[in-house]
*Asks:* 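Here it is, the structure, as structure tokens.
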There are 2 protein chains.
Amino acid sequence: MLYAVFMSATLPPIPAPQEPVGEPELLQLSAAEDEPCLRADAARNRAALLEAATRLIAEHGAAGVTMEAVAAAAKVGKGTVFRRFGDRTGLLMALLDHSAKKLQADFLGGPAPLGPGAPPLERLRAFGVAVLYRTHEQLDLQLAAQPEPTRRFGLPPTRALTMHVTVLLRQLVPDADCELLARMLMGYLDPALIHHLTKQCGMPMDRLEAGWVDLVARVTCTPQSR
Amino acid sequence: MLYAVFMSATLPPIPAPQEPVGEPELLQLSAAEDEPCLRADAARNRAALLEAATRLIAEHGAAGVTMEAVAAAAKVGKGTVFRRFGDRTGLLMALLDHSAKKLQADFLGGPAPLGPGAPPLERLRAFGVAVLYRTHEQLDLQLAAQPEPTRRFGLPPTRALTMHVTVLLRQLVPDADCELLARMLMGYLDPALIHHLTKQCGMPMDRLEAGWVDLVARVTCTPQSR
DNA sequence: ACCCTAAGCGGACTGCGGTCCAGTTTTGTT
DNA sequence: AACAAAACTGGACCGCAGTCCGCTTAGGGT
């Protein structure tokens with residue numbers, strides 16, 4: 001289960017500080033393909049680093065993942081870690097990459113009700129529930145991987161999800177401001193919020209799930225509220 | 001305009017790491033009253049620190065506010081800053097304290113449509129718009145003051161706002177899960193989101209405002225969508 | 001006016017994220 | 001096989017948030 005992860009890449013080798021674009025642009029499905037084949041040794045080190053990070057998380061929780069520790073555990077210099085992943089957040093996101101890709105594949109081409117084939121409303125419901133549980137499973141990692149507020153919404157994975165929701169919404173409520181609505185719905189799925197509601201307020205997941213369904217119903221002005 | 005700010009306190013002198021409570025508890029209006037009268041010198045230093053911080057922000061932006069720099073500018077030891085404000089976030093939040101208190105007073109006891117006296121729906125609309133613009137005015141500070149994800153939702157100011165929305169919602173849609181709905185609506189007002197939409201996507205504030213009104217309409221199942 | 005104690009103070013110290021660059025390895029070219 | 005450019009490496013180095021602890025001082029009690 002691990003090795004697939006180690007081989008998939010997310011970030012450009014040297015992520016030049018990319019200026020955010022003013023216009024929402026076309027869906028950038030596979031945000032990867034940024035790795036124009038690493039040099040042999042680099043690839044090896046990359047895998048070693050991800051493996052080390054995984055081990056450290058398992059042992060000391062996501063909080064215990066120090067860049068220096070990961071470097072040491074992978075028997076590699078600190079600079080190498082940064083060169084490969086840009087920063088701490090980048091490393092952690094690389095660990096989430098596998099599951100992110102899978103989710104994306106599921107709702108883009110997987111079986112109904114998540115994938116195409118089901119009516120939009122059902123897909124939207126299923127989407128929220130799927131994200132909800134995925135996030136719940138990986139809470140600590142998701143939280144630790146949260147970048148500084150300024151970048152939170154610009155990252156490829158988030159944008160892909162938001163875009164998907166936007167598209168579904170456009171089918172359901174064509175004459176609303178679907179971009180805003182989508183952003184909003186995504187807010188409900190924010191890892192930090194899920195953490196707060198479940199861990200700090202003690203809400204069970206069913207309630208969050210029901211909340212999502214209800215929310216979708218309200219936003220789309222569908223009946224069946226609760 | 002400045003001095004009122006410097007005199008109002010927000011944080012307990014030595015903020016013991018408070019465990020978050022499992023139960024949502026009663027509205028804790030004035031989250032202050034935590035300062036059981038500082039010693040004269042301490043109060044003086046506190047004011048000096050806030051003033052220094054304000055100056056630094058004006059000169060170098062919120063990003064340039066280093067704890068050491070603030071301490072130096074206020075001619076005070078670094079330890080003093082931390083003792084007084086707990087951490088960087090605490091210091092920045094103290095700077096926002098004044099405007100937070102004002103907002104709170106406005107919707108708790110101020111004139112309609114924000115305060116009591118207007119029907120709940122109007123109040124809710126007005127509330128969102130008010131928060132929207134307040135946040136927009138202080139964007140950099142608000143962003144910089146954003147705590148780590150784990151604490152984002154537990155802080156007194158946020159809780160007060162959420163509670164207010166919850167109460168309004170209960171009047172509007174009594175048999176919905178108003179807590180979740182409120183949390184959701186608050187998500188739309190997240191400083192990070194506002195920053196992203198306005199600064200990175202170039203949306204004008206009117207659109208966000210319209211988005212809020214529409215959102216409220218949908219969530220409460222009121223007509224007048226758009 | 002003096003003293004005693006708790007509150008406050010400051011700056012040395014630690015740990016981590018992130019940068020830098022001189023040196024090394026890989027890979028394509030002739 | 002030899003070479004040169006490009007890519008990668010490692011660890012010294014920097015700045016900042018946050019901690020710690022011995023010293024100072026305010027201010028109530030007598």
Side-chain angles (χ1 to χ4, degrees), chain A residues 9 11-17 34-49 52-53 56-57 60-94 144-148 150-151, chain B residues 9 11-17 34-49 52-53 56-57 60-94 144-148 150-151:
Chain A
L11 297 183
I14 302 176
D34 299 335
E35 43 168 350
C37 253
L38 295 168
R39 231 168 66 174
D41 53 347
R44 218 175 325 130
N45 281 341
R46 179 179 209 281
L49 283 169
L56 284 184
I57 286 187
H60 311 111
V65 177
T66 287
M67 294 306 256
E68 284 187 278
V70 174
K75 306 238 206 56
V76 143
K78 195 174 164 185
T80 304
V81 191
F82 283 94
R83 151 169 291 264
R84 192 57 51 206
F85 298 102
D87 59 7
R88 202 183 113 99
T89 299
L91 171 59
L92 296 178
M93 288 201 313
Q146 210 74 189
E148 55 159 336
T150 315
R151 290 179 202 152
Chain B
L11 296 184
I14 303 175
D34 298 334
E35 41 168 351
C37 251
L38 295 167
R39 229 167 66 173
D41 53 347
R44 219 176 322 134
N45 281 341
R46 187 191 147 84
L49 283 169
L56 284 184
I57 285 186
H60 311 109
V65 177
T66 286
M67 295 305 256
E68 283 188 280
V70 174
K75 308 237 208 53
V76 142
K78 195 175 166 185
T80 305
V81 193
F82 283 94
R83 153 170 292 262
R84 193 55 52 205
F85 298 101
D87 60 7
R88 200 184 114 98
T89 298
L91 171 59
L92 295 178
M93 288 201 313
Q146 211 72 193
E148 53 158 338
T150 315
R151 291 180 201 154

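All values below were derived from every heavy atom in this structure, side-chain atoms included, with hydrogens, water molecules and symmetry-related copies excluded. Because the structure is predicted, anything quoted here is derived from the model rather than measured.
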*Asks:* Measure the distance from CD on B:Glu148 to P on D:dG18 and round it to the nearest whole Å.
*Replies:* 9 Å

*Asks:* On the nucleotide D:dA17, are OP1 or OP2 found under 4.0 Å from the side-chain N or O atoms that B:Arg88 carries?
*Replies:*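 Indeed, a polar side-chain atom of B:Arg88 lies that close.
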
*Asks:* Take atom CZ of A:Arg39 and atom C1' of D:dA6, then tell me their distance rounded to the nearest Å.
*Replies:* 8 Å

*Asks:* In terms of side-chain heavy atoms of A:Thr66, which of C:dG17, D:dC8, D:dA26 is nearest?
*Replies:* C:dG17

*Asks:* Using whole Å, what does the distance between atom C1' of nucleotide D:dA7 and atom CZ of A:Arg44 come to?
*Replies:* 14 Å

*Asks:* Which nucleotide in the set D:dG27, C:dG17, C:dT26 lies at the smallest distance from any side-chain heavy atom of A:Asp41?
*Replies:*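 Among D:dG27, C:dG17, C:dT26, the one nearest the side chain of A:Asp41 is C:dT26.
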
*Asks:* Return the value, rounded to whole Å, for the distance between atom CE of A:Met67 and atom C1' of C:dT19.
*Replies:* 12 Å

*Asks:* Got A:Phe85 and A:Met93 here, is their nearest side-chain heavy-atom distance under 4.5 Å?
*Replies:* no

*Asks:* Tell me which nucleotide among C:dG18, C:dC16, D:dT9 gets nearest to the side chain of A:Phe82.
*Replies:* C:dG18

*Asks:* When you compare the side chain of A:Arg44 with that of A:Asp41, does any pair of heavy atoms fall below 4.5 Å?
*Replies:* yes

*Asks:* Starting from P on C:dG18, measure out to CG on A:Leu91 and report it in whole angstrom.
*Replies:*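 That distance rounds to 11 Å.
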
*Asks:* So which nucleotide from D:dG18, C:dG8, D:dC8 ends up closest to the side chain of A:Ala42?
*Replies:* D:dC8

*Asks:* Work out which heavy atom in A:Leu92 is nearest to a heavy atom in A:Ala144; give both atom names and the distance.
*Replies:* CD1-O, 3.4 Å

*Asks:* Yes or no on side-chain contact (heavy atoms from CB on, under 4.5 Å) for B:Arg46 and B:Leu38, after CA distance, side-chain angles and deciding distance?
*Replies:* CA-CA 9 Å; B:Arg46 187 191 147 84; B:Leu38 295 167; 3.8 Å; yes

*Asks:* Nearest-Å distance, CG (A:Asp87) to C1' (C:dG17)?
*Replies:*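 Those two atoms, CG and C1', are 9 Å apart.
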
*Asks:* Answer yes or no: is there a side-chain heavy-atom contact under 4.5 Å between A:Glu148 and A:Thr89?
*Replies:*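 SC-SC contact between A:Glu148 and A:Thr89 ruled out.
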
*Asks:* Counting only side-chain N and O atoms of A:Asn45, is one of them less than 4.0 Å from OP1 or OP2 of D:dC8?
*Replies:* no

*Asks:* Could you give the CZ-to-P distance, from B:Arg46 to D:dA26, as a whole number of Å?
*Replies:* 20 Å

*Asks:* Identify which nucleotide among D:dA12, C:dC9, C:dA12 has an atom closest to any side-chain atom of A:Lys78, counting heavy atoms from C-beta outward.
*Replies:* D:dA12

*Asks:* Using a 4.0 Å heavy-atom cut-off across all strands, classify A:Ala40 as base, sugar-phosphate, or nothing.
*Replies:* sugar-phosphate

*Asks:* Starting from P on C:dT14, measure out to CD on A:Glu68 and report it in whole angstrom.
*Replies:*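 Answer to the nearest Å: 14 Å.
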
*Asks:* With nearest nucleotide decided by heavy atoms, which residue, B:Val65 or A:Gly79, maps closer to the 5′ end of DNA chain D?
*Replies:*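 Per heavy-atom nearest nucleotide, the more 5' residue is A:Gly79.
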
*Asks:* Nearest to the A:Thr80 side chain among D:dG10, C:dC9, D:dA17, which nucleotide is it?
*Replies:*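 So the nucleotide nearest the side chain must be D:dG10.
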
